[in-house]
Protein chains: 2
Amino acid sequence: MTGRPRIKDIALKLGLSAATVSRALADNDLVAEATRSRVRDAAQALNYRPDVRARNLRTRKSMAALLVVRDVGNPFYLDILKGVEATAREAGYSILMGNTENDPDREAEYFDMLRDGHADGMILMTGKLPSRGAQAETLPAALPVVVALELIEDCPFPHVQIDNAAAARTAVRHLIGLGHRRVAHISGPEPEMMSVLRHRGYREAMVEAELEIPAGYEQRGDYQLESGQRACRALFELPEPPSAIFVANDEMAFGAIHELRRLGLDVPADVSIVGFDDLYLSKAFFPPLTTVCQPRQEIGRAAMGILLRMLGGGGRPTAPMVIPTSLRIRGSTAPYRPQLRSSRGHHP
Amino acid sequence: MTGRPRIKDIALKLGLSAATVSRALADNDLVAEATRSRVRDAAQALNYRPDVRARNLRTRKSMAALLVVRDVGNPFYLDILKGVEATAREAGYSILMGNTENDPDREAEYFDMLRDGHADGMILMTGKLPSRGAQAETLPAALPVVVALELIEDCPFPHVQIDNAAAARTAVRHLIGLGHRRVAHISGPEPEMMSVLRHRGYREAMVEAELEIPAGYEQRGDYQLESGQRACRALFELPEPPSAIFVANDEMAFGAIHELRRLGLDVPADVSIVGFDDLYLSKAFFPPLTTVCQPRQEIGRAAMGILLRMLGGGGRPTAPMVIPTSLRIRGSTAPYRPQLRSSRGHHP
DNA sequence: CTGAAAGCGCTAACAT
DNA sequence: ATGTTAGCGCTTTCAG
């Protein structure tokens, strides 16, 4: 009884061969039920657990999936992770975290980890494929990769996404429906699909309502708090500032609301704000943020589900999977009132 | 050229033995520099990458660390994950996510994964050891486990922690220093060490200032938003409500502020609030939350650092490692003003 | 139904 | 400085 038990310890103890024990532990029908139960008992008694490394080598699997994001520190990914983790564990898979921080080397590295056998499959949420590295040209479309959240154009892998443009339209229509005509937009960084689509949705809704977009009404941020603040300041330095802003994510929306408060403007009395994401704390914000809810946990579940099917040899879906979003109307939007702006600013 | 190259493909191509190639790839000094570079080139040319499964089996390692939390969906763990991930990757380790949801079976399962060889070490942030399962009594103290964040009493593993009681004292002293005498506390669930210690700190600061704690001034929550709201409501149903509250985490503090707003009370004019954690969005809240900042990323770094040292055979630290906290004074606290409470409630 | 034998791809001990 | 040999612990043919 030295060290942990091996499969052959059980075999020896029971007078069986290692092969039979292995089969028995796998609950293989070829093994007599009586033998199976003897093996189970012995395994229990010896406190046996198979060595996954040996099994992995033999079966050419790792029973792990890589979840690759731009920034593990971003609260946005949390619910996705939750969904992915839950679905993975139900199927006996573990989750390996990948973090690129937009570094192309790392992006390539995670593809390498797939080849290495570190993981059996990968969920990519970085919005890009590796542009450099050995495999840049050779990315086999058959790789078990699912792209989620941030779409990638001209990409051979299955996608799980939301309809960003449609969601943005809905958000802007909500503002227009409240009587707002001077509606501005704070977008994300624009080469990225996600930002482009949300921006496009904004424009479409404005065109549809025959509203013009004055110069300076389209500000660009980087999805971070401070950029929302900056963009908002720029909007209110315009000769004719907006009465409503559609902000491309909640975090920048918080920044914008902050700035408005600094300017002595009230949300929603003076300015209405719609965000995008419905972060965990958005409903707890003051005012509670009206925002587009994307069901992140479901996105995670769906992505992992597709990956599992691919790994099980079930084939890949042909069309992208689109998860529906919904607009959560809360306290940061209100009907347009053409009144003079209040000027009871906290910080004059 | 069928399938991915193996080590022996390189050996064959170069007329070397597999062993030499292996050594060369490991940059072993025993191999002639010339040979090493030939091997490197060949590996590059063939786009060779070692199969980690085979290596793992042979070396009895997995180069992965398990990070086990109560709830992967909790934003609180984000920065920890970030710190852990960064430190791990610097050392060539990957991070496997573990999620217990307070399920004792799962808690035990992750210890099993350690034995299985799924991971080489584990960072435990669940505040408990498995109480059941095969290994409950047999937990070898030598296991490469680091306990972080949520301490565990009578636990043989190294700890990385903050001084919760001291931090709580500092927070409450801040309130008392502002002239508050009716200071209440909303705690976390109390069998848990973290909650107990923060609660203790509150009491110590009160005693130290010779302030009494009226009946009902110690409310218990569960670290979730709604419980903060409920607890706050209870406080303001007391005959003599507090003028300041020390809340055991930011999330409940948000809930409390929400409730105060509902009651028509202003923070900080009527009631001062101090939280604990300094979440990502706490500074963006309105009012910006005064709170205890625990440097979560550093905690993550430190924990992973200790684990790496243990895995490297460097031995375990004897004393718990204590990471300093700091009080971030922001807009949710203000000097006590014995005025009548404003009654411009939004919801009468 | 069970056993014997082979081997996954790598590294490490032991040669030379 | 390199090669030979021997496994790591498991699963899976192939035989019986």
Distance, rounded to the nearest Å, where [X] contributes [atom1] and [N] contributes [atom2]:
X	N	atom1	atom2	result
A:R36	C:dT2	CZ	C1'	13 Å
B:R115	D:dG9	CZ	C1'	15 Å
A:D29	C:dC1	CG	C1'	12 Å
A:L25	D:dT11	CG	C1'	12 Å
B:L30	C:dT16	CG	C1'	14 Å
B:L14	D:dT2	CG	C1'	13 Å

Answer yes or no: is there an ion pair linking [X] with [Y], defined by an N-O contact shorter than 4.0 Å?
X	Y	answer
B:R70	B:E192	yes
A:E109	B:R89	yes
A:R49	B:D116	yes
B:D29	B:R36	yes
B:D9	B:R4	no

Worksheet item: So, does A:T100 use its side chain to make a donor-acceptor pair with the main chain of A:D103 at under 3.5 Å?
Response: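 The answer is no, because no donor-acceptor pair under 3.5 Å joins these two groups.
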Practice prompt. Mark yes or no for whether A:H159, through its side chain, and A:I152, through its backbone, hold a donor-acceptor pair below 3.5 Å.
Written response: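 At least one qualifying donor-acceptor pair exists.
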- prompt: Any side-chain N or O of A:T20 less than 4.0 Å from the OP1 or OP2 oxygen of C:dG3?
  reply: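 For C:dG3, OP1/OP2 do have a side-chain N/O of A:T20 under 4.0 Å.
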Next item on the list: Using a heavy-atom cut-off of under 4.0 Å over every strand shown, decide if B:G117 touches base, sugar-phosphate, or nothing.
Entry: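 No contact.
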Please walk me through it: do A:Y77 and A:R296 pass side-chain contact (heavy atoms from CB on, under 4.5 Å)?
-> CA-CA 8 Å; A:Y77 296 114; A:R296 289 189 292 281; over 6 Å; no
Expected rows: protein N/O vs nucleotides 7-10 of chain C N/O, under 3.5 Å:
from: C:dG7; atom 1: N2; to: A:R58; atom 2: NH1; distance (Å): 3.2
from: C:dG9; atom 1: OP1; to: A:R60; atom 2: NH1; distance (Å): 2.9
from: C:dG9; atom 1: OP1; to: B:R6; atom 2: NE; distance (Å): 3.1
from: C:dG9; atom 1: OP1; to: B:R6; atom 2: NH2; distance (Å): 3.2
from: C:dG9; atom 1: N2; to: B:A54; atom 2: O; distance (Å): 3.4
from: C:dC10; atom 1: OP1; to: B:Y48; atom 2: OH; distance (Å): 2.4
from: C:dC10; atom 1: OP1; to: B:D51; atom 2: N; distance (Å): 3.3
from: C:dC10; atom 1: OP2; to: B:I7; atom 2: N; distance (Å): 2.6

Problem set entry | Residue B:T35, side-chain heavy atoms: nucleotide from D:dG3, C:dT2, D:dA1 that is nearest |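 Within the option list, the nearest is D:dA1.
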List, with names and distances, any nitrogen or oxygen atoms from the protein found under 3.5 Å away from nitrogen or oxygen atoms belonging to nucleotides 13-16 of chain D.
none

Rounded to the nearest 0.5 Å, what's the gap from CG on B:N56 to CE on B:M63? Could you check?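 It is 8.5 Å, given to the nearest 0.5 Å.
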